[in-house]
Colleague: 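Just dropping this structure here.
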Amino acid sequence: MHIPDGFIDAPVSIAAGVVAVVGMTYCVKRASADLDDRLAPMAGLVAAFIFAAQMLNFPVASGTSGHLLGGALAAILVGPAAGAMCVAVVLLIQALFADGGLTALGLNITNMALVTAFVGYALFLLFKRFLGSSDGRVAVAAGVAAGISVPISALVFSLEFALGGVADLNVGAVIAAMVGTHVLVGIGEGIITGLTVAAVLRTRPDLVHGVRGRARDLELRSGAAATA
């Protein structure tokens, strides 16, 4: 999913860079309102976790491999704005070490940070609404949302390639290959996300942004019980 330098032409890369700058500007402003004293340190831990997890590849098919994107996971844990920022920081560090190009950084932030975080979080809220808010069902909603966010990100890349790809490749074949492969990558993403969210819910549900309303209700009930 990491786009290297020169794979997409300059006009599309610049346009994606503008989208990334505007998106990150919004995320900074939004995250400053979302993050409290408990979730701010969590954002740093999430970024570190995603950076480490992306170093681990799992086999997909035909000799290819995939790794965690982490946008949906970060969004569920610390909110979509802060989650996108976490992934963007990881992508910037990786670009400095030639994992994805600096001139393609706007493309990668758009696809792997903004799309996965905001689309993944919207899907999570939708699935959680229908599945329910028990720990197990929240973890399932998180996993399914994360899994779907991956091929959606691949579709966005395919659109960028169709508009500005410099390689002489058939666009239809690129779309089929990218989406097909990333459906499989999404399965791994969903499993990792679901297990991670389940683990955090068991220990510190108050640190999961996606269920903060429920956590607040539990705190209020506990306080009322103690007062009584």
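For the numbers below, each heavy atom of this structure counts, side chains included, while hydrogens, waters and symmetry mates do not. One is the number of the first residue; the rest follow in order along the sequence.
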Colleague: Do Leu201 and Val208 pass the side-chain contact (heavy atoms from CB on, under 4.5 Å) test, and can you show the C-alpha distance, the side-chain angles, and the key distance before you say yes or no?
Modeller: CA-CA 7 Å; Leu201 284 171; Val208 180; 3.9 Å; yes
Colleague: Which heavy atom in Ala198 sits nearest to a heavy atom in Ala139, and how many Å separate them?
Modeller: CB-CB, 3.8 Å
Colleague: State plainly whether one hydrophobic cluster holds both Val140 and Leu125, where clusters connect Ile, Leu, Val, Met, Phe, Trp and Tyr through side-chain heavy atoms under 4.5 angstrom apart.
Modeller: no
Colleague: Any idea which heavy atoms bring Val78 and Gly83 closest together, and the distance?
Modeller: CG2-N, 3.7 Å
Colleague: Rounded to the nearest 0.5 Å, how far apart are NE2 of His209 and CD1 of Ile76?
Modeller: 11.5 Å
Colleague: So which atom in Ala113 and which in Ala88 form the shortest heavy-atom distance, rounded to 0.1 Å?
Modeller: CB-N, 4.0 Å
Colleague: Between CZ of Arg202 and CG of Asp135, what distance do you get to the nearest 0.5 Å?
Modeller: 8.5 Å
Colleague: For the hydrophobic clusters of this structure (ILVMFWY residues joined by side-chain heavy atoms under 4.5 Å, transitively), does one cluster hold both Val89 and Ile109?
Modeller: yes
Colleague: Quick check: is Val200 connected to Leu68 through a chain of hydrophobic side chains (ILVMFWY, heavy atoms under 4.5 Å apart)?
Modeller: yes
Colleague: Which donor-acceptor pairs under 3.5 Å do side chains of residues 3-23 form with protein atoms, sequence neighbours excluded?
Modeller:
from	atom 1	to	atom 2	distance (Å)
Asp5	OD1	Leu102	N	3.2
Asp5	OD1	Thr103	N	2.9
Asp5	OD1	Thr103	OG1	2.4
Asp9	OD1	Val12	N	3.2
Ser13	OG	Ile8	O	3.2
Ser13	OG	Asp9	O	2.9

Colleague: To check you understand the geometry: which heavy-atom pair defines the closest contact between Gly120 and Ser149, and what is its length?
Modeller: CA-CB, 4.0 Å
Colleague: Given 3.5 Å as the limit, does a donor-acceptor pair link the side chain of Ser158 with the main chain of Ala154, or not?
Modeller: yes
Colleague: Answer yes if the side chains of Asn108 and Gln94 hold a donor-acceptor pair under 3.5 Å, and no otherwise.
Modeller: no
Colleague: Can I get a per-line list of side-chain donor-acceptor pairs under 3.5 Å for residues 172-180, giving both atom names and the distance, sequence neighbours left out?
Modeller:
none

Colleague: Is there a continuous path of hydrophobic side-chain contacts, each under 4.5 Å between heavy atoms, that joins Tyr121 to Val156?
Modeller: no
Colleague: Tell me the closest heavy-atom pair linking Ala84 and Cys27, and the distance in Å.
Modeller: CB-SG, 3.9 Å
Colleague: Only pairs under 3.5 Å count here: list side-chain donor-acceptor contacts from residues 42-51, not counting sequence neighbours, and write none if there are none.
Modeller:
none

Colleague: Do Val115 and Phe124 sit in one hydrophobic cluster, given that two such residues count as connected whenever their side-chain heavy atoms are within less than 4.5 Å of each other, even indirectly?
Modeller: no
Colleague: Could you tell me whether the side chain of Glu160 and the main chain of Gly165 form a donor-acceptor pair under 3.5 Å?
Modeller: no
Colleague: What's the separation between atom CD1 in Ile93 and atom CD in Gln54, rounded to the nearest 0.5 Å?
Modeller: 10.5 Å
Colleague: Can you see which heavy atom on Val87 is nearest to which on Met112, and at what distance?
Modeller: CG1-O, 3.4 Å
Colleague: Is there a donor-acceptor contact under 3.5 Å from the side chain of Thr193 to the main chain of Leu73?
Modeller: no
Colleague: If you measure from OG1 on Thr196 to CD1 on Ile192, what distance do you get to the nearest 0.5 Å?
Modeller: 7.0 Å
Colleague: Just how far is it from atom NE2 of His2 to atom CG of Leu91, taken to the nearest 0.5 Å?
Modeller: 5.0 Å
Colleague: Can you tell me how far apart CG (Leu126) and CD1 (Ile148) are? Round to the nearest 0.5 Å.
Modeller: 9.0 Å
Colleague: Take Leu114 and Met24 through the side-chain contact (heavy atoms from CB on, under 4.5 Å) test and state the conclusion after the steps.
Modeller: CA-CA 8 Å; Leu114 294 173; Met24 285 296 106; 3.4 Å; yes
